[in-house]
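Keep in mind that what you see is a predicted model, and the values were worked out from it rather than measured. Counting starts at 1 for both ligands and their atoms, in listed order.
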Amino acid sequence: MKTYQQWQEMALNLTLPNQAYIDGRFVDAVGGAQFDTVNPATGKVITSVAACDERDVDIAVTSARKAYDSGVWSRMAPADRKTVLCRLADLVSEHGEELALMDSLDMGKPISDAFNLDVPGSAACIRWFGEAIDKIYGEVAPTGGGALATVTREPLGVIAAVVPWNYPLDMAAWKLAPALAAGNSVVLKPAEQSPLSALRLAQLATEAGIPDGVFNVVTGDGPGPGQALGLHMDVDCVTFTGSTSVGKRFMSYAAESNLKQVWLECGGKSPNLVFEDADLDLAVDFAITGCFFNQGEVCTANSRLLLQSSIKEQFVEKLLARLGSRQPADPLDPDTQMGALVDAQHTENVLTYIRKGQEEGAQLLCGGEKVEVNGAGSYIAPTVFDQVTEDMTIAREEIFGPVLSILTFENEDEAIRMANGTIYGLAASVWTENVNRAYRVSQRLNVGTVSINTVDAFSVMTPFGGTKQSGFGRDLSLHALDKFSNLKTTWLALR
Ligand code: NAP
Ligand code: MG
C-alpha cells in the first residue's frame, strides 16, 4: 500500500467526477446548481458537484426505464450479464486506490480501511452476485398432469437506491450488485456528503459493458433528488439504507405515489453482551473495534456494552488501557485507525449526545471532546460512559459516533431484557465460553444478526438486515435478490 506521503500526493492530483451520471455519460444538473463536498479531515472543499432536482431524477428514471424496456440488460443472457458484472468487479479492484481515496476524502474514514476493506468488499460483492446470475433456477409447481405451472423470477424494472455516507462505495455495491444481477435498471442517489465514489463507479460500469441508462447516479440532497425518487411514479422499488426517520419517509412517499416497494436498512443501537465466563482479553479488543471502528459511524456499532457485574471492574480497566492507542489521526496516514467524523454538523450532533449523557448522570470515563488533527477537522476522541442506565438518552438513541455506553446486568434474563429493550433490532454480540448459553441467548435476541465471540460478523454469503425499527428485507446473500425480483406464475393448460 502507498505511504502517507504518496496518498497525500495522489489526493492532490486526483481527477474528481463532479457531474451526475445519466444515460451513460456525465451531465450537469438541468438547473445548473452545484453543492460543495467537504473533506471533514481538513474542513476544505474538495469539489462542487451537480445538485440534481426532480427534473434530473425524471430524466434519469426515463433513461432507466427506456433501457429496461429495450431488454438490452433485462433480457441479456444471464451468462453475459455475469461476464459484465465480473468485469466491473475487476475494474473496482484495479481502481481501488482511487475509489478508496475518494471515500476517505469525502467522509473522513482511514485510508487503510477504505483501501483494505471497503474496496475489496465492494468488488467481492459485485463479483458474487455476478457469478450467481446463471446459477439460479425457477420452479415447476407439483400440479400433476393436465397443466404446467412455472414460477420464475422477473426483474422489477427501475430500482432507486438511496444510500448513506458511512460506507459510500460498499453501500452502493450492496444495492447495485443484486439489483443489476436480477436484471433491473438502477438510479443511485449517494449521500450528499459522499458522492464521488458512486460517480466513478458508474463510469467504470459503462467501461465494464453495462448498457447506457442501466446504471445512473443522481447527486444532491435528500429533500431534493432523494424525495423525488421516493415520489416518482415510474420507480418500481426503493432500496434504502440510512436513518430510521428517513426510512419512514420513504414508506410515506410510496403510499403517496405509486405503492412502489420499499426496502429499508435503518439505524441500530446494538448490544454487546459479555458474560463472566467470556475470554475477557479478546472481548475487550472486540468491544473496542465493535464500537469505534469507522469512528463509530456504523449501523451495527456495538454502542451498548452490557457487562455482567462480576467482571465489570476488570473489563473497564482493560478497555480504558487499550483505548489509548486508538486516537483520531489524519485519515490519509496508513497507520490511522480512527479518522474524522463525516462533517461539522454531525460532529455537533454527537457532542450534543455527549453533553446529554453527562447531564443525565452518566459518568464520562474518557474522551468527550472535539479534537483537531494538524490544526483542523471534525474529530472526536473515543468516548466511554459508565453508570449508564436504560432510560438515558445515550442508552436509547443511535448516536452514530465514537460513544460507548456501559451498562451492567446480573443474570441471563436481565441481559436479554436489556439487550432487547430498544426500538432497534439490527445486530447483537454475545461473549461466553459456554456454547449452550451462547445459543440459548442468541435465540432470544430480537435482531437480524447475532455474532458469538466476535462482533459485527458479516459476509456477502449471509443475509444482513434488521428487525423492528432497524428495517426489513435483507441485503447480501441470495435472499437479497428477493427484493429485486417478482415471482411470475405462468399456467399452461395442456391438451
Ligand atoms: P440519512 O440521513 O437517513 O440519509 C440516508 C440517505 O437518505 C441519504 O442519501 C440522504 O440524502 C437521503 N435522505 C435524507 N433525507 C431525505 C428525505 N427527506 N427524503 C429522501 N431522501 C432523504 O442517513 P445518513 O446520515 O446518511 O446515514 C446514517 C444512518 O444510516 C444511520 O442511522 C445508520 O444507522 C444508517 N445505516 C444503516 C445501515 C444498515 O444497513 N442498516 C448501514 C449504514 C448506515 P442526503 O444525506 O444527501 O441529504
Ligand atoms: Mg445525510
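Remark: the Asn294 side chain and the Lys109 side chain contain an N/O donor-acceptor pair separated by less than 3.5 Å. Judged by distance alone, the side chains of Lys175 and Thr239 do bring a donor and an acceptor atom under 3.5 Å apart. Using modelled atom types, one finds no donor on one side chain facing an acceptor on the other under 3.5 Å when comparing Arg355 with Gln358. With 3.5 Å as the limit, one finds no donor-acceptor pair spanning the side chains of Tyr167 and Thr241.
Geometrically, ligand 1 and Glu398 share a nitrogen or oxygen pair separated by less than 3.5 Å. At least one N or O atom of Lys189, backbone or side chain, sits closer than 3.5 Å to an N or O atom of ligand 1. Considering backbone and side-chain N/O of Asn166, none are found under 3.5 Å from N/O of ligand 1. For a threshold of 3.5 Å applied to N or O pairs, the pair formed by Cys266 and ligand 1 contains at least one separation below that value. When only interatomic distances are considered, the shortest N/O to N/O separation between Gly222 and ligand 1 falls below 3.5 Å.
Across Cys299, Ser470, Ser270, heavy-atom proximity to atom 39 (C) of ligand 1 is greatest for Cys299. Nearest to atom 5 (C) of ligand 1 by heavy atom, out of Thr241, Val162, Asp221, is Thr241. Checking Phe400, Phe464, Tyr253, Phe250 against atom 17 (C) of ligand 1, the nearest heavy atom belongs to Tyr253. For atom 46 (O) of ligand 1, the choice among Arg249, Gln193, Glu297 with the nearest heavy atom turns out to be Gln193. Among Val238, Leu476, Val163, the residue whose heavy atom sits closest to atom 9 (O) of ligand 1 is Val163.
Heavy-atom separations between Gly466 and ligand 1 are all 4.0 Å or longer. Ligand 1 has no atom lying under 4.0 Å from any heavy atom of Gly224.
Heavy atoms of other residues, nucleotides or ligands lying less than 6.0 angstrom from CZ of Arg65 number more than 12.
Of the charged side-chain nitrogens involved, at least one lies within less than 4.0 Å of a carboxylate oxygen, so that Lys483 and Asp475 count as a salt-bridged pair.
In this structure, the side chain of Asn420 engages the main chain of Asn446 through a donor-acceptor pair within 3.5 Å.
In this structure, Leu332 and Ser104 have side chains that are in contact, with non-hydrogen atoms separated by less than 4.5 Å.
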